[in-house]
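Below is one structure, written out as C-alpha cells; the observations come after it.
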Amino acid sequence: MLFRQLFNAETCTFTYLLACEETKEAALIDTVYEEVKRDAKLMEELGLTVKYLIETHVHADHITGGREIINNNFPKAVQVYSVHSGVTIEQPNPNLQLVKEGDIISIGTSVKLHVVETPGHTNGCLSFYTDDKLKVFTGDALFIRGCGRTDFQQGSPYTLYNSIKKLYNTLPDECLVYPGHDYKGMTCSSIGEEKKFNPRINENQTAEGFATIMNGLNLPQPKKINIAVPANLLGGVPVDQKLK
C-alpha cells in the first residue's frame with residue numbers, strides 16, 4: 001500500500017492518501033478545499049487515479065475539497081460519507097456513497113478499509129481501519145492525547161466516550177492512530193499509547209469523568225463554521241457556488 005500523510009497548516013487538518021500500488025487506484029481521506037491543487041499534483045506525480053474521496057464527518061472548521069476534485073480532476077471519483085451525515089448531493093448521484101458500520105471500502109486489489117461508526121463529535125462521524133488492523137483513521141473522534149469536541153453539531157460526550165472505547169476494544173494496541181487534526185506537532189500515535197496516556201479518555205476513564213472534562217472545555221466556535229457546515233452538507237461546494 002502506498003501511504004502519505006498531508007497537512008493543512010491553517011486548520012491543522014490531516015489529509016491521508018492510500019493507494020493500491022498494483023492498480024494505481026487511490027483514496028483521499030478528509031481533503032481540504034484550499035489544498036486541492038496540491039493533492040491533484042501529487043496524484044499526477046504518482047500516477048494515481050482517485051477512486052474515493054472519504055470524509056470522516058461533516059467538518060465545521062474547513063470546506064472539504066471533494067467536490068472540487070471531482071469537478072476539475074477526477075470526475076468518476078466517489079465521495080463517501082456516513083448514512084447519518086445529513087449530506088445531500090442532488091440524488092440520485094453516482095458520485096455519492098453513504099456507508100455504515102461494518103461496510104468495507106476496497107481500493108484496488110490490495111487496500112481495504114473497514115468502516116466503524118464513531119459518533120459523538122457529530123452524528124455522522126466515521127473511523128476507518130485497514131484490513132490488517134495496523135492503521136486507523138479516526139477523524140475528529142480520537143486525537144493524539146485528546147479527542148474531538150462535543151459541544152455542537154449533535155455532539156455528546158457520552159456517545160463519544162462509547163465510540164472511543166469501541167476503538168480501544170476493537171483494535172490491537174500496536175494499531176497506529178492517524179487523527180483528523182493535531183495542534184501540537186504530533187503526527188500519529190497508537191491505540192496502546194492512547195489507552196495509557198490520553199488525559200481525557202485513557203483505558204480507566206469513566207463515562208462520567210469524561211463528560212465532566214468535555215463539558216468544562218469552553219472552547220470558542222470554529223471560525224469557519226457558518227460557511228463550512230452548509231458547504232460540506234453539499235459535498236464541499238461553497239454556498240455561493242452551484243454544483244457543476
Closest approach of [X] to [Y] (non-hydrogen atoms, all atoms of both residues):
X	Y	value
A60	F152	CB-CE1, 3.6 Å
C125	H57	SG-CB, 3.6 Å
Y52	S106	CE1-O, 3.3 Å
D182	M186	OD2-N, 2.7 Å
E21	S110	N-OG, 4.2 Å
F7	R38	O-NH1, 2.9 Å

When rounded to the nearest 0.5 angstrom, what is the spacing between [atom1] in [X] and [atom2] in [Y]?
X	Y	atom1	atom2	result
Y158	S163	OH	OG	15.0 Å
E174	K133	CD	NZ	10.5 Å
N198	C147	CG	SG	6.5 Å
T118	F128	OG1	CZ	8.0 Å
L113	I104	CG	CD1	10.0 Å
E68	E35	CD	CD	13.0 Å

Would you say that [X] contacts [Y] through its side chain, given a criterion of any heavy-atom pair below 4.5 Å between the two side chains?
X	Y	result
E25	I107	yes
K224	D61	no
M43	I69	no
T170	V116	no
I105	V80	yes
N95	I89	no

Is the closest side-chain donor-acceptor distance between D30 and T56 under 3.5 Å?
yes
Side chains of T31 and T64: donor-acceptor distance under 3.5 Å anywhere?
yes
So, does [X] use its side chain to make a donor-acceptor pair with the main chain of [Y] at under 3.5 Å?
X	Y	value
D39	V36	no
D140	G180	no
T130	K135	yes
D173	I191	no
Q79	G66	no

Tell me whether [Y] is reachable from [X] by hopping between hydrophobic residues (I, L, V, M, F, W, Y) whose side-chain heavy atoms are closer than 4.5 Å.
X	Y	value
I29	F14	yes
I201	L219	yes
V78	L233	no
L28	V237	no
L18	V115	yes

Mind running side chain to side chain contact (heavy atoms under 4.5 Å, CB included) on L126 and E117 for me, showing each step along the way?
CA-CA 5 Å; L126 300 172; E117 294 181 358; 4.0 Å; yes
Show me the pairs that pass salt bridge (Lys or Arg N to Asp or Glu O under 4.0 Å) and involve residues 152-168, at least two apart or across chains.
E101-K166
What pairs meet the salt bridge (Lys or Arg N to Asp or Glu O under 4.0 Å) rule with one or both residues in residues 141-151, with sequence neighbours excluded?
R145-E193, R145-E194, R149-D151
Have a look at H181 and tell me which of N8, T13, T11 forms a side-chain hydrogen bond (donor to acceptor under 3.5 Å, both in side chains) with it.
T13
With ring-ring contact (aromatic ring centres under 6.0 Å, His included) as the rule and sequence neighbours excluded, what pairs involving residues 60-87 come up?
H59-H62
T138: what forms a side-chain contact (heavy atoms from CB on, under 4.5 Å) with it, not counting sequence neighbours?
S127, V136, L142, L167, V177, P179
Kindly write out the residues that satisfy ring pair (Phe, Tyr, Trp, His ring centres under 6.0 Å) with Y129, not counting sequence neighbours, or none if the list is empty.
H114
For Y168, the ring pair (Phe, Tyr, Trp, His ring centres under 6.0 Å) test, sequence neighbours excluded, returns none
Look at the aromatic rings of F3 and Y16 and report parallel, tilted or perpendicular, splitting at 30° and 60°.
parallel
For the pair E45 and R4, find out whether any cationic side-chain nitrogen is under 4.0 Å from an anionic carboxylate oxygen.
no
